[in-house]
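Numbers here are sequence positions counted from 1.
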Amino acid sequence: MARKKEKITVKLDLPKDDSTLTKLYAILFVSILLGLCTATVWATNSGFIPTQNGEPMFTNLYCGITAKDSQGNSIGEQFNSNVKPDYSANQSCSILQDAPDRVVWEGEEWKSLTKQGKNFDVPGVDPEQTGGITVLQPLWVNCSVSADTQTDYIVAIRSQSGEIMDSYSGTTDTANDECKIEMVTIPPDTRYEFLVFSMEEGKRISSFDFDMTVHYYDGIPSNMNNKSFWLGPEVELGPKSIRPFIFLNFFGMMFFFFLYPASFYWERVENAKNEVEEKFPDFLRDLAEYWKGGLSMTVAIQTLATSEYGALNDEVKKMSDQLSWGIKFSDVIKQFAERVGTPLVQRAIALIAEADRAGGKISDILVTAANDSRELKFLEGERRRAIGSYIAVIWTSYFVFLGVIVTLAVVFIPAIAGSNSSGEDGGDSGGQTIGNMTIRNIDPLFFLTVFYYGVTMQAVGNGTMAGLMSTGRFSTGFKHSGMMILVSLVVFNFLAFTPNLIGITEVPGLNPSSGTFVPSPLFLG
């Protein structure tokens with residue numbers, strides 16, 4: 001009976017090209033590209049680049065390309081002149097179009113009445129700002145009327161002059177009674193009257209519930225502030241509303257993309273090498289012991305391939321495979337040194353290779369190299385431990401600086417801006433006069449911008465110094481800088497980039513009068 005032939009399996013773990021630098025260059029390319037894009041958005045919005053019409057370059061560039069009239073014709077030339085764009089030009093550009101804010105009057109219930117009313121205001125765009133263009137502001141009123149007996153009633157909106165703007169007549173407790181008023185537009189004005197009447201003598205309305213909604217326009221788009229700086233869309237995160245694409249964020253993101261991605265990747269590479277170096281002295285010590293026991297280098301390494309060396313396991317296994325293919329020991333350890341690429345490993349391997357070539361007592365060389373490597377790693381650890389307290393001081397000082405700046409931005413600047421916002425006592429320059437001193441009106445966004453730039457530059461400087469002290473590598477410093485920039489982005493977005501600081505106009509509201517009044521009879525004509 002013929003014996004079954006055994007299959008011979010040869011596992012070839014051939015050396016592969018090192019892709020570390022290729023990945024680094026790819027990350028650098030993408031991060032620099034993103035950094036340049038964010039730098040462009042920031043620079044064109046920052047106000048550092050002067051324009052003829054006083055608008056930010058970002059607005060002029062985008063609207064100069066995309067602005068079109070109602071017929072689809074390009075009118076971008078209005079953003080490339082020395083004249084500030086008018087209301088119609090702004091409405092022709094998608095990022096400058098005013099979106100309505102909902103102004104609501106609700107939560108009131110009037111009880112036991114024959115006639116009752118309240119005054120309210122309707123905000124809106126100043127007609128002088130629109131150049132004669134009518135801005136439609138729709139109004140909706142939903143109401144519910146009840147009475148002890150069926151009663152005819154009327155609900156109406158009346159202007160100061162007594163003109164009936166719109167009204168609804170109905171009868172309580174009937175199937176077709178749908179109390180509501182819908183107006184195509186209500187012009188901005190003050191002291192409108194909202195009224196309800198019982199139209200039958202001696203009959204009272206027991207309760208009247210209503211809510212009123214007006215779409216309010218102020219001429220300022222929701223994603224821009226009142227100077228056309230880019231604020232971006234609003235994002236709701238639970239109870240907190242943030243604007244993550246405000247132009248100031250692009251300043252921080254510019255440095256983040258330039259510094260952090262490549263440094264983060266390179267630090268991972270360096271940490272992987274450090275893990276290999278940590279086990280390298282143990283490998284050399286064990287190799288010396290096997291050599292002293294009478295094993296050749298080839299057999300010793302092949303035996304050690306089954307041992308546990310953490311991050312060094314793959315490299316020892318690779319050396320074992322190469323020796324099994326018949327590659328010389330000196331070539332194998334040289335390739336190992338090239339793959340790891342650290343000065344510590346290269347120096348030790350060069351010493352071992354030279355001893356192997358000269359025929360000296362390799363075990364003593366291995367022990368010396370192991371002790372030297374272990375001592376160097378110990379000194380590196382001592383350096384990290386000694387510098388650790390200084391790194392903590394740098395981070396603590398950065399947090400203190402960030403806290404002080406945010407406190408100034410959130411508390412101090414709004415207080416100063418609010419104290420002299422009237423501009424009535426400060427002459428033509430605006431502001432308040434105290435004795436012989438005039439405090440000029442200030443722009444909160446200007447100070448917020450300066451504060452944010454300062455915090456970001458502090459992050460770059462502090463982080464770089466922390467990394468250099470820790471490892472002596474700029475990549476470590478840039479990694480610290482990137483993390484500090486992320487901290488400042490989060491803190492400013494959640495605490496400092498508030499509507500009153502970044503220039504978002506507060507919605508005025510309908511301002512219903514505090515009390516009620518008994519209206520004069522309606523003229524129904």
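- Summarising the local packing, CZ of Arg385 is surrounded by more than 12 heavy atoms from other residues, nucleotides or ligands at distances under 6.0 Å.
- Between Ile485 and Tyr260, every side-chain heavy-atom pair lies at or beyond the 4.5 Å cut-off.
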With a 3.5 Å cut-off and sequence neighbours excluded, list the donor-acceptor pairs that the side chains of residues 27-39 form with protein atoms.
residue	atom	partner	partner atom	Å
Ser31	OG	Ile27	O	2.8
Ser31	OG	Leu28	O	3.1
Thr38	OG1	Leu34	O	3.0
Thr38	OG1	Gly35	O	2.9

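- Between Ala466 and His480, the shortest heavy-atom distance links the atoms CB-CG, 4.3 Å.
- When the options Gln335, Lys328, Lys317 are evaluated for a side-chain hydrogen bond (donor to acceptor under 3.5 Å, both in side chains) with Gln322, the one that passes is Gln335.
- Although no hydrogens or angles enter the test, the distance criterion places a donor-acceptor pair under 3.5 Å between the side chain of Thr185 and the main chain of Gln137.
- Salt bridge status for Asp321 with Lys318: absent, with no side-chain N to carboxylate O gap under 4.0 Å.
- More than 12 heavy atoms of other residues, nucleotides or ligands sit less than 6.0 Å from atom CE of Met469.
- Between Ala43 and Ile49, the shortest heavy-atom distance links the atoms O-CD1, 3.8 Å.
- Checked against a 6.0 Å centroid threshold, the rings of Phe247 and Trp42 do not count as neighbours.
- The two residues Val122 and Val214 make their nearest non-hydrogen contact at CG1-CG1, 4.3 Å.
- Residues Glu277 and Ser373 bring no donor and acceptor atom of their side chains to less than 3.5 Å of each other.
- For Glu382, the CD atom counts as densely surrounded, since its 6.0 Å shell holds more than 12 non-hydrogen atoms of other residues, nucleotides or ligands.
- In this structure, CD1 on Ile301 lies 8.0 Å from OG on Ser320, to the nearest 0.5 angstrom.
- Between Tyr309 and Phe283, the ring-plane angle classifies as perpendicular under the 30° and 60° cut-offs.
- Note that CH2 of Trp105 is 10.5 Å distant from CG of Leu139, once rounded to the nearest 0.5 Å.
- Phe79 has its side chain out of reach of Ile65: every pair of non-hydrogen atoms, C-beta onward, lies at least 4.5 Å apart.
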Worksheet entry | From CA spacing to verdict: side chain to side chain donor-acceptor pair (under 3.5 Å), Asn80, Asn60 | CA-CA 7 Å; Asn80 298 316; Asn60 290 337; over 6 Å; no
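- A search for ring pair (Phe, Tyr, Trp, His ring centres under 6.0 Å) contacts involving Phe378 returns nothing, not counting sequence neighbours.
- How far CD1 of Ile502 is from CZ of Phe229: 12.5 Å, rounded to the nearest 0.5 Å.
- The distance from atom CD1 of Ile349 to atom CD of Glu338, rounded to the nearest 0.5 Å, is 11.0 Å.
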Discussion item. Using side-chain contact (heavy atoms from CB on, under 4.5 Å), reason through Ile394 and Asn462 one step at a time and then give a plain yes or no.
Written reply: CA-CA 6 Å; Ile394 290 176; Asn462 279 17; 3.8 Å; yes
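- No donor-acceptor contact under 3.5 angstrom links the side chains of Asp98 and Gln91, judged on distance only.
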Discussion item. side-chain contact (heavy atoms from CB on, under 4.5 Å) for Leu304 and Leu287? Distances and angles first, verdict last.
Written reply: CA-CA 8 Å; Leu304 292 175; Leu287 192 60; 3.9 Å; yes
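- In plain terms, the two heavy atoms of Pro414 and Leu408 that are nearest each other are CD-O, 4.4 Å.
- Remark: Leu402 CG to Tyr398 OH distance equals 5.0 Å, nearest 0.5 Å.
- Annotation for Lys23: atom NZ does not count as buried by contact number, only 12 or fewer foreign heavy atoms lying within 6.0 Å.
- Within a 6.0 Å radius of CZ in Phe245, other residues, nucleotides and ligands contribute 12 heavy atoms or fewer.
- Atom CZ of Arg383 has more than 12 heavy atoms from other residues, nucleotides or ligands within 6.0 Å.
- Between Met212 and Trp140, the closest side-chain pair of non-hydrogen atoms is not below 4.5 Å.
- Between Phe474 and Phe478, the ring-plane angle classifies as tilted under the 30° and 60° cut-offs.
- Expressed to the nearest 0.5 Å, how far OG1 of Thr471 lies from CD1 of Ile387 amounts to 10.5 Å.
- Residues Asn225 and Gly503 come closest through the heavy atom pair CB-O, 3.4 Å.
- Other residues, nucleotides and ligands contribute more than 12 heavy atoms inside 6.0 Å of the NZ atom of Lys377.
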Practice prompt. Show your reasoning for whether salt bridge (charged side-chain N to carboxylate O under 4.0 Å, His left out) applies to Glu55 and Lys227.
Written response: CA-CA 7 Å; Glu55 293 293 304; Lys227 293 186 179 179; over 6 Å; no
